[in-house]
Amino acid sequence: MVIPDGDLRAEPGSFRDPANRVFHAGSDVLRALDAGAAADWHALAGTDFFPALMAEGKVCGTELVDPAGPLPSDGGEWAAVLRHERIPFVSHPYEWSFAMLRDAALLHLEILRTALAGGFTTKDGSAYNLQWRGVDPVFIDVGSFAPARDGEPWAGYRQFCQTLLYPLLLQAHLGLDFQPFLRARVDGVEPEQMRRIFGGARRLLPGVPTHVHLHGAMQRRNAAASTSDVRAQLRAAGYSRELALATVRGLAKLVGRLDHRPGASHWSDYQRTCGYTGQDRVAKERFVADAVTAAAEPDLVLDLGANDGRYARLAARHARYVVAVEQDPAVVDELYRGLRADRERRILPLVMDLADPSPGGGWRGVERAGFAARAARADVVLALALVHHLAIGRNVPLPEVVDCLTSWCAPGGRLVVEFVHPEDPMARRLLANKPDGLFPDYRPEEFERLLTGRCRLVQRLELPSGTRTLYQVMVGG
């Protein structure tokens, strides 16, 4: 393969392991390996288990390539280059629902168990090593595989606990949404913090004695010991690969039993309470379908405020990939479980408050890209029954709402947006909790003026109920 001049970009989130580094070259995702990592790759590629994991879709597609050009070396030399399949849309663990995080953790453990049986291990245990093809988790950190050595513990155990197990324990045992914990710290939840949360009778809950209190005690005891000292102690105590496999099987059993099914919320019953008539619903579905098909099989559709995924499913009939964003974690979890039951690989459900979307995080704020940076290339953006929640519910000025929605469209992309009039029952419910006169510009004619001042109007439809208007506009291009 030939890398176009000036088209090579280092992945900001790939720097923690100096043995390999990820780059982007056009639409290609490349991983450069130093001599040691290259030797590990050739050994890995020659195993039976690794090609099988790729064939099953559990590890991202990977092949050895000749880049036909040098890659930035940062002072070292690269010995080999791999090309990975491109994931349709990159997401972060704090954007996943409970069942998504649990399924990602189970896949991580399955891959580790398979690798150990084949003489390999994984150097990392981070939730960020996984991504999604629709509702199918996929392991992406091929550079994490390394030959296993007897007497050495799993190096990724702490990361696994902090970014996967601990968040699951918090929600399964205490009913606390884990997303704020993971969003706050890129390295996840610290054992010491968990120890304080799970004190008293809580310390006896499943998984807590071993993976919170014992883990924390061992870390405190070995705080001054070097990694080599700890490994020597484990070898002397008879720690073996068989014990490592038993530990992984125990973790998988624990994670598989964790669950959280919250009660019904207002948003989980939205289709019954939203106030649409049957005629409204039919007209709205036809309008959305026409807009998506007019985009000629779009690569990416964003459904913002997706709720139960009704329109995401409709869009997926005509698009290659749909990202369905919804604020309520319980609603996203139910959507994910339903999509998983249907084996739907074209819809990725995500938890996110659009008035406070995921920012950039980690080192220098770019190690984990913010949602705006990842989403600003959509061919179609659906913003259905969303504007009034942002403008009235969250006090976002109407011009800001329009600017934000259009910014997520690629040049020439289409925005399908619904304006809920002030006299609509849903808008009136929001306005009832606000001081009189706070939103003088929240009017259909002002919204239309703002929208058509920035975009080219393609189609406009007033729903039969008379209190909601749909717009399809072309953005830029």
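The closest side-chain heavy-atom distance from L245 to R113 is below 4.5 Å. Between P93 and L101, the closest side-chain pair of non-hydrogen atoms falls below 4.5 Å. Contact annotation: the side chain of M100 never approaches that of D333 to less than 4.5 Å [non-hydrogen atoms, C-beta and beyond]. No side-chain heavy atom of R414 sits under 4.5 Å from any side-chain heavy atom of C409. For the pair L165 and L258, the minimum side-chain heavy-atom distance is below 4.5 Å. Under the 4.5 Å side-chain criterion, counting only non-hydrogen atoms from C-beta, E326 is not in contact with P349. Within the 4.5 Å cutoff, side-chain heavy atoms of Y471 are placed close to those of F447. Counting heavy atoms from C-beta outward, L44 and F49 have side chains that approach closer than 4.5 Å.
Salt bridge annotation for R394-D353: present, with a cationic side-chain nitrogen under 4.0 angstrom from a carboxylate oxygen. At a threshold of 4.0 Å, the pair E334-R261 counts as salt-bridged, since one of the basic side-chain nitrogens sits closer than that to a carboxylate oxygen. Between E95 and R368 there is no salt bridge, since no side-chain nitrogen of the basic residue lies less than 4.0 Å from a carboxylate oxygen of the acidic one. Salt bridge present: D136 and R343 bring a charged side-chain N and a carboxylate O closer than 4.0 Å. A salt bridge links R102 with D259: the distance from a Lys NZ or Arg NE/NH1/NH2 to an Asp or Glu carboxylate oxygen falls below 4.0 Å. With respect to R320 and D379, no salt bridge is recorded, no charged nitrogen being found less than 4.0 Å from a carboxylate O. Taking a cutoff of 4.0 Å between a charged side-chain nitrogen and a carboxylate oxygen, R313 and E344 do not qualify as a salt bridge.
Between the side chain of T121 and the main chain of A146, no donor-acceptor pair closer than 3.5 Å is present. Within the 3.5 Å criterion, the main-chain N or O of T452 finds no donor-acceptor partner in the side chain of R456. E63 contributes no side-chain N or O that, together with a main-chain N or O of R83, makes up a donor-acceptor pair within less than 3.5 Å. Of the possible donor and acceptor atoms, one in the side chain of Q159 sits under 3.5 Å from a partner among the backbone N and O of G125.
Atom CG of D34 sits about 7.5 Å away from atom CG of N20, to the nearest 0.5 Å. Between D303 atom CG and L350 atom CG the span is 11.0 Å, to the nearest 0.5 Å. The CG atom of L251 sits 6.5 Å away from the SG atom of C161 when rounded to the nearest 0.5 Å. The OG1 atom of T122 sits 4.5 Å away from the CG atom of L112 when rounded to the nearest 0.5 Å. Here CG of L382 is found 7.5 Å from CG of L304. Values are rounded to the nearest 0.5 Å. For the atom pair CG of L354 and SG of C404, the computed distance is 7.5 Å after rounding to the nearest 0.5 Å.
The local environment of CZ in R257 is sparse, with at most 12 non-hydrogen atoms from other residues, nucleotides or ligands closer than 6.0 Å. With a 6.0 Å radius and a threshold of 12 heavy atoms from other residues, nucleotides or ligands, K434 has its NZ atom above the threshold.
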(request) Evaluate the criterion side chain to side chain contact (heavy atoms under 4.5 Å, CB included) for residue pair Q162 and F181; output intermediate values, then yes/no. (result) CA-CA 10 Å; Q162 293 186 186; F181 289 88; over 6 Å; no
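For Y442 and H388, the side-chain atoms include no donor-acceptor pair closer than 3.5 Å. Side-chain contact of H84 with R31: a donor-acceptor pair under 3.5 Å is present, judged by distance alone.
Screening F139, W41, F120 for a ring-ring contact (aromatic ring centres under 6.0 Å, His included) involving F145 leaves a single residue, F139. Of the listed residues (V138, V142, V59), just one forms a side-chain contact (heavy atoms from CB on, under 4.5 Å) with M54, and that residue is V59.
Residues L107 and L130 come closest through the heavy atom pair CD2-CD2, 3.8 Å. Contact detail for S91 and R374: the closest heavy-atom pair is CA-NH1, 3.6 Å. C455 approaches M474 most closely through the heavy-atom pair CB-O, 3.3 Å. Nearest heavy-atom pair across A373 and A369 is CB-CB, 4.4 Å. Across all their heavy atoms, R133 and G61 have their closest contact at NH2-N, 4.5 Å. Summarising the geometry of Y157 relative to T210, their closest heavy-atom pair is OH-O, 4.4 Å, with the distance given to 0.1 Å.
For the ring-ring contact (aromatic ring centres under 6.0 Å, His included) test, residues two or more places apart in sequence or in another chain that qualify with W132 are W96, Y336. Taking E190 as the reference, R158, R185 meet the salt bridge (Lys or Arg N to Asp or Glu O under 4.0 Å) condition, with sequence neighbours excluded.
Between W78 and F23, the two ring planes are perpendicular [angle over 60°; tilted spans 30° to 60°].
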